[in-house]
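See structure below.
Ligands are counted one by one from 1 in listed order, and the atoms in each one are counted from 1 as well.
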Amino acid sequence: MESRNDMEELKLSATADKTERYRCLTEQVKSLVGDEKNIIANMANVSAAIRQAFGFLWAGFYLCDNDDELVLGPFQGTVACTRIKFGRGVCGTAWKLQRSVIVDDVDRFPGHIACSSYSKSEIVVPVFKNGKVIAVLDIDSDRLNAFDTVDKTALENMVRIIVNE
Ligand code: SME
């Protein structure tokens, strides 16, 4: 039987401790990305790794397009809306505010764009390149209050890896 490249197999931490799970995942993301500069390839692997590690409903990227719109990028999960205007929904808001946005209950976020009725909470983290937002990482959970500052810190760190400047 052919042996698989270690880098292609995600080793998930068995611990329930979220910080430790993110630490383990982040190390592997660093290996997966390596010196790859193609951001689409890196986004594809990172969205798969995040979803596989935590079992989130949806994990993926929206890319800034035309300065006023996000367009769907690499993701893992069910089909999603293709374009989101600057300042609209959680994704467009994170882009406008240039900071991560955590939504504990999507039904309480005015203007939330529902791609799945199973989505209950959400985190959106901007991806910066040369000080400019070039994309956002969006993660949806089927649980309320799924995200906190541990997720925020770890995911902000992770998106810096994929830009690979
Ligand atoms: N809920 C997002 C839209 C994208 S989907 O969740 C994948 C938003 O409000 O921007």
Name the closest protein heavy atom to atom 1 (N) of ligand 1, giving the residue it belongs to and the distance to 0.1 Å. I113 O, 2.7 Å

Where the closest heavy atom to atom 10 (O) of ligand 1 is concerned, which of C91, G60, C81, C115 has it? C91

Side chain, backbone, both or neither: F109 near ligand 1, heavy atoms under 4.0 Å: neither

Give the residue and atom name of whichever protein heavy atom lies nearest to atom 8 (C) of ligand 1, and the separation in Å to one decimal. V90 N, 3.3 Å

Is there a nitrogen or oxygen of E122 sitting under 3.5 Å from a nitrogen or oxygen of ligand 1? yes

Quick one: look at W58 and ligand 1, take heavy-atom pairs under 4.0 Å, and tell me if it's side chain, backbone, both or neither. side chain

Testing L155, N157, D138 for side chain to side chain contact (heavy atoms under 4.5 Å, CB included) with V125, which one passes? L155

For atom 7 (C) of ligand 1, closest protein heavy-atom neighbour: D138 OD2, 3.4 Å

Closest protein heavy atom (residue, atom, distance) for atom 6 (O) of ligand 1: D140 OD2, 2.9 Å

Which atoms from ligand 1 have a heavy atom of Y62 less than 4.0 Å away? 4 (C), 7 (C)

Atom NZ of K96 with >12 non-hydrogen neighbours under 6.0 angstrom: no

Quick one about S141 and E122 (side-chain donor to acceptor, distance below 3.5 Å, no hydrogens or angles considered), yes or no? no

Can K120 and D107 be counted as an ion pair, charged N to O under 4.0 angstrom? no

Count the heavy atoms belonging to other residues, nucleotides or ligands that lie under 6.0 Å from CZ of R51, then report whether that count exceeds 12. yes

Is the gap between the ring centers of F56 and F147 under 6.0 Å? yes

Between F128 and R160, is there a cation-pi geometry (under 6.0 Å to ring centre, at most 45° from the normal)? no

